[in-house]
Every structure is written in structure tokens, then in C-alpha cells.
2 protein chains.
Amino acid sequence: MQNRLTIKDIARLSGVGKSTVSRVLNNESGVSERTRERVEAVMNQHGFSPSRSARAMRGQSDKVVAIIVTRLDSLSENLAVQTMLPVFYEQGYDPIMMESKFSPQMVEEHLGMLKRRNIDGVVLFGFTGLGEQMLGSWQSSLVMLARDARGFASVCYDDEGAIRVLMQRLYDGGHRHISYLGVPHSDVTTGQRRHNAYLEFCQQNALPAVAALPGLGMKQGYEKVADVLTPQTTALVCATDTLALGASKYLQEQRIDGLQLASVGNTPLMKFLHPEIVTVDPGYADSGRQAAMQLIEQINGRSEPRQIVIPVTLS
Amino acid sequence: MQNRLTIKDIARLSGVGKSTVSRVLNNESGVSERTRERVEAVMNQHGFSPSRSARAMRGQSDKVVAIIVTRLDSLSENLAVQTMLPVFYEQGYDPIMMESKFSPQMVEEHLGMLKRRNIDGVVLFGFTGLGEQMLGSWQSSLVMLARDARGFASVCYDDEGAIRVLMQRLYDGGHRHISYLGVPHSDVTTGQRRHNAYLEFCQQNALPAVAALPGLGMKQGYEKVADVLTPQTTALVCATDTLALGASKYLQEQRIDGLQLASVGNTPLMKFLHPEIVTVDPGYADSGRQAAMQLIEQINGRSEPRQIVIPVTLS
DNA sequence: CTGTTAGCGCGTTCAA
DNA sequence: TTGAACGCGCTAACAG
């Protein structure tokens with residue numbers, strides 16, 4: 001591109017040596033207040049900013065991280081990404097985006113590419129089928145979201161808590177026949193944990209459990225909600241917003257009224273389309289922030305990988 | 001990080017000089033077939049990949065582009081981004097994501113940051129209020145999406161065509177009282193052009209024009225759709241999927257049946273929630289691919305900025 | 001055809 | 001407290 005100035009230019013312009021400029025740039029000690037001020041003055045007078053590539057070459061870190069989402073149009077992941085971007089920018093990291101489309105193979109390809117590019121770290125939105133072995137040598141520079149993996153840092157939602165909160169609210173509202181629409185147990189967090197929490201609550205409160213676990217999609221909610229409706233059913237808990245969206249569509253079409261829906265989610269779309277649904281916020285927004293912060297701490301060696309659980313919020 | 005090998009190592013291991021390795025790396029001519037093969041063998045035997053930062057420093061290009069979306073959760077922009085990512089990866093570009101949230105000031109900040117980072121190019125999703133002057137010196141390395149700006153490359157939708165197609169289909173279906181729900185004219189493309197196309201069609205076919213231009217949001221569609229419904233109205237055209245979503249919600253709640261909805265959009269969410277709506281596909285997916293390709297061509301100096309219009313597809 | 005040499009912009013010694 | 005010299009991994013200019 002055009003002639004960007006270098007520390008050499010700044011040095012010349014402020015009448016000092018290159019290394020002094022370098023020291024000022026990195027806030028190193030050993031520079032007199034006077035020279036520091038003078039150099040800084042010259043620097044922002046000319047809008048100087050050091051070359052990333054040159055620093056990267058010396059320092060081994062190019063200050064780039066990757067965010068691997070499952071799908072760009074995932075409502076929940078969007079909320080998380082929205083909060084993590086500002087954190088990365090603030091710390092000077094460039095976040096590059098990748099999409100896995102729920103394919104372990106794509107994740108593997110992406111990680112390979114990232115490894116070759118010598119990237120600093122990765123935030124990976126977990127999903128079923130992701131083997132821990134393919135995450136290879138990323139232990140120290142990867143944060144997994146929405147799922148935990150042994151040896152890796154992770155930010156998870158309180159799956160059991162979310163369901164318990166929903167169930168309790170429905171129970172307190174007088175509901176005694178609460179059905180459940182969820183995700184297969186092959187999905188440990190959204191599937192197994194939430195379903196188990198449902199079953200447990202039913203057992204503890206002597207409620208009949210009526211559940212189906214069709215999957216993650218809207219269409220699956222739409223097609224399978226009928227399976228969990230009995231003549232006694234007065235409420236329905238959905239494991240995700242997306243399922244609830246599908247279920248609602250069916251209920252509307254069938255003109256089935258008077259059924260209280262509840263879901264884990266709290267996404268803006270849901271709040272607009274169906275404000276009447278009882279929701280809990282699993283903390284998507286918070287999870288993004290936390291994941292970004294955790295990753296940065298690990299990159300800087302200020303933290304070991306650790307598991308973070310986001311508390312549920314009423315909404 | 002760990003000891004990655006360098007061209008020096010490869011040179012030593014294959015018994016040649018550094019520059020020969022460099023030549024092989026860049027597919028330059030002037031290397032005998034035998035040495036080339038030998039070097040290449042050593043290279044992928046050791047899984048060698050050159051340091052990005054070092055190349056960047058020499059070559060002035062770090063092969064990084066930015067994608068500035070208005071909102072991460074925009075349905076249409078998601079479709080475009082999904083198709084542009086693979087294009088960038090294929091060409092070795094790392095796409096970093098930023099969100100403008102419809103704020104010109106944020107765009108300015110982001111562009112400033114990108115300028116300082118010496119990025120190769122930008123894909124910018126346009127919106128109302130974006131002044132051409134703030135795009136400063138990006139003429140040659142920016143592609144604007146969904147909006148055109150003088151002197152800049154752009155990929156736009158065929159706003160007029162999209163509306164005409166919808167209107168024609170409704171007209172052919174026998175509808176003679178077609179209302180319109182759109183966006184204010186301050187938004188030139190989605191607002192003005194689409195509205196004008198509606199008005200023009202009405203005039204040419206002697207139809208009464210009944211329109212409101214509340215804005216882009218679902219809520220605005222929901223609140224204002226009543227304004228355009230007359231006792232004669234049999235069909236409603238919405239400028240965007242999002243507006244149609246809001247309008248449908250109102251219609252469902254009011255139990256207003258027998259109104260044919262139509263919208264410009266064709267997003268997956270829409271197709272699921274309201275398959276009965278007539279839609280045209282403005283080519284969101286295609287626009288992403290095209291924008292990415294155009295940007296890369298400009299970066300490589302193989303193309304001047306030019307305006308691309310994506311043709312409408314029936315759906 | 002190939003190896004040698006000289007930087008790119010920066011951080012890091014090491015003397016002064 | 002400061003500056004000069006060196007090298008990071010790579011490409012480009014110049015010799016062989």
C-alpha cells in the first residue's frame with residue numbers, strides 16, 4: 001500500500017533511536033518521562049500505528065482468534081457472538097469467523113487451517129459428534145461453548161437449572177400435566193441433561209412424564225408436538241426456542257388454545273413472536289463475554305483451562 | 001509457539017537454497033522439475049506451511065478481509081455471509097467479522113481500525129445514513145452490499161424487479177386490491193425503490209395504491225399493517241420478510257384469513273413459518289458470493305469497482 | 001537454473 | 001536512560 005511510516009520514521013522525527021520508540025510503544029520502563037511524551041506526541045500527530053505483521057513475526061503472536069459457530073443463523077449463538085466481538089476488539093484481537101454446520105469434519109478442516117496459520121486461539125461452539133481427540137493440541141488455546149470436553153476450557157449453560165426453573169414456575173402456576181419436547185440424548189447437554197432434569201422434576205413432584213425427543217429443528221418440533229399432547233396436558237416445556245417455535249406453529253394451525261408453552265431460550269425473535277411463552281434465559285449473551293475473556297486469559301497464560309457454568313436468569 | 005520449520009529448514013533438508021524453496025512455494029518459473037518435486041516432497045513430508053506474518057511483511061498484504069454486517073442476526077445478511085466465507089477461505093483470505101448495528105459511527109470506527117491494521121479489503125453491508133465521505137480512501141478495496149454508492153463497487157438487489165414480480169403474480173392470481181407495507185424513503189433501496197415500483201405497477205394497471213412505510217422491524221409491520229387494510233384488500237405485499245413476519249402475526253391474532261401475503265425475502269425462517277406466503281428470492285446467497293469474488297478481483301487489481309445487480313429468482 | 005545477499009518493520013540484546 | 005546492531009521468515013535483486 002502507501003508509505004506507512006515505521007518506528008524508524010518516528011525515531012527520526014522525534015530525534016531518538018528506534019529502540020526508544022519501541023519501548024514507548026510497549027509501555028516498557030526505562031524511558032524518561034520527557035522523551036516518552038515527545039515520542040508519543042509525534043506518534044499520534046502522525047497517526048502512527050505499528051505494523052501487525054512485523055510484530056507478529058517477532059512476537060510469535062498475530063493477535064488473531066477464530067470463532068467457529070455451528071451456523072451463522074443460530075439465534076442463540078448470535079447472541080453469544082455479539083457479546084464476544086467487543087471483548088476481542090478491545091483487547092486488540094481480530095476475530096475471524098467460521099461455520100461448522102454441525103460437521104465434525106468441517107471443524108477438523110478449519111482447525112487444521114487455523115493451526116497452519118498459527119492463530120492464537122479458538123472459540124468453538126460445541127455440538128454432538130465432536131470427538132475430543134480431533135481437538136488435538138488446542139488444549140491451551142481453545143474454549144468450547146455450550147458443551148464441555150475433558151481437558152478443555154468450556155462455558156456451559158445450566159441445563160438442569162433452566163428446566164427446573166421452568167417446571168417450578170409452571171408447577172406454581174397450578175399445572176400438573178406438563179409435557180416435554182426435547183432433543184435426543186446423543187446431545188449430552190441440550191438433550192440428555194435437560195430431559196433428565198424434566199424427568200427428575202416430574203418424579204419428585206409425582207407428575208406424569210410425557211416426553212418426545214425429536215431433535216433440534218423447528219420442523220421437528222412442529223411434527224412431533226402432537227405426540228406429547230394428552231387430553232390432560234395443560235403445559236408444554238420445550239428444550240429450545242427453536243423447538244417451541246415449531247410447536248407453536250402446529251398449535252396455532254390446529255387452533256389449540258389454552259396450552260401454556262415454556263422454553264429455554266429468550267431470543268429476541270421468540271420474545272416478539274410469542275411473548276406469552278414462559279422462558280428462561282440460559283445466559284447466551286453472558287456466555288459469549290465469558291468465553292472471550294477466558295480465551296484471552298489463557299492466551300496470555302494467566303489462566304488454566306477451566307469449566308464455567310452460566311447461571312440461569314428469569315425472564 | 002513450538003518450533004515451526006522455516007524455508008531455511010526446508011532448504012537445508014532438501015539440499016537447496018532458501019530462494020529456490022521460495023520459488024517453489026510461489027509457483028514461480030525457473031525451477032527445474034526435479035528440484036521442484038524434491039522440495040515439494042520435503043515440504044509436505046514435514047507438513048510445512050510458510051509464516052503468514054513474514055510473507056505479509058514482505059508482500060504488503062496479510063490476506064485479511066473484513067465483513068461488516070449491520071446485525072449478526074439479520075436473516076438476509078446471514079445468507080450472504082454464508083456464501084462469501086467459503087470464497088474467501090478458498091482464496092486464502094481470513095475474514096474478520098464486525099457488526100455496525102446500523103450506526104454510521106461504528107462503521108467509521110471499524111474502518112479506522114481496519115485501516116490501521118492495513119487490511120486488504122472490506123465487504124460492507126450498507127444502510128441508511130452511511131455517508132459516502134466516511135468511506136474515505138477505500139474506493140479500491142471495498143464492496144458495498146445491498147446499496148450502491150458512487151465510486152464504490154456494489155452488489156445490489158433488483159428492488160424494482162422483485163416488487164414487479166410479486167405484483168404480477170398477485171395480479172395474475174386475480175388480485176386487484178393489493179396493499180403495500182414498506183420502509184421509508186430515507187432508505188433508498190429497500191424503501192424508495194421498492195415503494196416506487198409498487199406505485200408504478202398500480203398506476204400501470206389502474207389499481208388503487210394503499211401503502212404504509214413504517215420501517216424495517218417486525219414490530220413495525222405488526223403495528224402498522226392495519227393501516228393498509230381496507231374492506232376490499234385481498235393481498236398484501238411486504239418489502240421484507242421481517243415486515244411480513246410482523247404483519248402475519250397481527251393477522252393471525254386478529255383471525256384475518258383469506259389475505260394473500262407476499263414478500264421479498266425467501267429466508268429459511270420464513271419458508272418454515274409461512275410457506276403460504278408468496279415470495280421472491282432477491283438473491284441473498286448469490287450476492288454474498290459475488291461480493292466476495294468482486295472484492296478479491298479488486299484486491300488483485302484485476303477489476304475496477306463496478307456495480308453488480310443480482311437478478312431476482314422466483315420461488 | 002540456482003545460490004547469495006540485502007532488506008521489510010519490529011523486538012531484543014548489549015554497550016555506552 | 002539511550003542507541004546501535006542483530007535476527008525473525010520471507011521475497012527480490014543480483015550473481016554465478
Side-chain angles (χ1 to χ4, degrees), chain A residues 1-43 46-64 92 115-120 300, chain B residues 1-43 46-64 92 115-120 300:
Chain A
M1 301 287 178
Q2 63 275 33
N3 313 328
R4 295 170 53 95
L5 355 79
T6 74
I7 50 169
K8 203 164 147 190
D9 300 317
I10 301 295
R12 188 170 34 77
L13 288 167
S14 40
V16 299
K18 290 193 314 179
S19 31
T20 304
V21 178
S22 176
R23 289 183 183 107
V24 171
L25 216 48
N26 302 320
N27 282 317
E28 282 175 18
S29 61
V31 182
S32 75
E33 211 39 55
R34 285 190 58 255
T35 19
R36 180 180 300 271
E37 277 169 14
R38 190 151 39 92
V39 173
E40 276 172 347
V42 176
M43 269 161 52
H46 291 270
F48 166 79
S49 73
S51 145
R52 280 176 88 69
S53 14
R55 310 189 92 173
M57 211 174 70
R58 286 308 283 123
Q60 314 288 21
S61 156
D62 43 3
K63 288 225 156 201
V64 174
K115 168 79 50 180
R116 263 171 273 129
R117 307 242 162 128
N118 203 30
I119 218 156
D120 291 310
N300 295 337
Chain B
M1 298 287 176
Q2 63 272 34
N3 312 330
R4 295 170 55 94
L5 352 81
T6 76
I7 50 169
K8 203 165 147 191
D9 300 317
I10 302 294
R12 189 170 34 76
L13 288 167
S14 41
V16 298
K18 290 193 314 178
S19 33
T20 304
V21 178
S22 176
R23 289 185 184 106
V24 172
L25 215 48
N26 301 322
N27 282 318
E28 281 176 20
S29 60
V31 182
S32 74
E33 209 41 53
R34 284 190 58 255
T35 25
R36 182 182 297 274
E37 277 171 13
R38 190 151 39 94
V39 173
E40 275 173 348
V42 175
M43 267 156 76
H46 291 269
F48 167 79
S49 73
S51 146
R52 278 177 91 67
S53 14
R55 310 190 94 176
M57 209 173 73
R58 259 349 258 113
Q60 312 290 20
S61 156
D62 43 3
K63 288 227 156 202
V64 174
K115 169 79 50 184
R116 264 172 271 129
R117 308 241 162 133
N118 202 31
I119 220 158
D120 291 309
N300 295 337

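Sequence lines set the chain letters: A, B, ... in the order given, protein chains first and strands last, and positions in each chain run from 1. Only heavy atoms go into these numbers, but all of them, side chains included; no hydrogens, no water, no symmetry mates. Values in this document were obtained by computation on a predicted structure and should not be read as measured data.
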Worksheet item: When you look at A/Leu13 and A/Met43, which way does the side chain to side chain contact (heavy atoms under 4.5 Å, CB included) test go after all the steps?
Response: CA-CA 9 Å; A/Leu13 288 167; A/Met43 269 161 52; over 6 Å; no
Checking all strands, does [X] fall into the base, sugar-phosphate, or nothing category for heavy-atom contacts under 4.0 angstrom?
X	value
B/Thr35	sugar-phosphate
A/Val16	sugar-phosphate
A/Ser22	base
A/Glu28	sugar-phosphate

Whole angstrom is fine here: how far is it from [atom1] in [X] over to [atom2] in [N]?
X	N	atom1	atom2	value
A/Glu33	D/dT2	CD	P	10 Å
B/Met57	D/dA12	CE	P	13 Å
A/Arg58	D/dC8	CZ	P	8 Å
A/Arg52	C/dG11	CZ	P	12 Å
B/Met43	D/dG9	CE	C1'	14 Å
A/Ile7	C/dG11	CD1	C1'	8 Å
A/Asn26	C/dC10	CG	C1'	9 Å
B/Arg38	C/dC1	CZ	P	15 Å

OP1 or OP2 of [N] less than 4.0 angstrom from a side-chain nitrogen or oxygen of [X], does that happen here?
X	N	answer
B/Thr20	C/dG3	yes
A/Ser32	D/dT2	yes
B/Ser19	C/dG3	no

Discussion item. Can you identify which nucleotide, out of D/dT11, C/dC8, C/dC10, has its nearest atom closest to the B/Arg55 side chain?
Written reply: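 The listed nucleotide nearest to B/Arg55's side chain is D/dT11.
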Discussion item. By nearest atom, which of the nucleotides C/dG9, C/dT2, D/dC10 is closest to the B/Val31 side chain?
Written reply: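 For the B/Val31 side chain, the nearest candidate turns out to be C/dT2.
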Worksheet item: On a plain distance test, is the side chain of A/Arg23 in donor-acceptor contact with the base of D/dG3 below 3.5 Å?
Response: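 Yes, the side chain and the base share a sub-3.5 Å donor-acceptor pair.
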Is there side-chain contact between [X] and [Y], with at least one heavy-atom pair below 4.5 Å?
X	Y	answer
B/Asn118	A/Arg52	no
B/Phe48	B/Ile7	yes
B/Arg55	B/Asn26	yes

Item to complete: Any chance you could measure B/Ser53, atom OG, to B/Arg58, atom CZ, to the nearest 0.5 Å?
Response: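 One gets 14.0 Å once the value is rounded to the nearest 0.5 Å.
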Worksheet item: B/Lys18 or A/Thr6: which one's nearest nucleotide on DNA chain C is closer to the 5' end?
Response: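 That would be B/Lys18.
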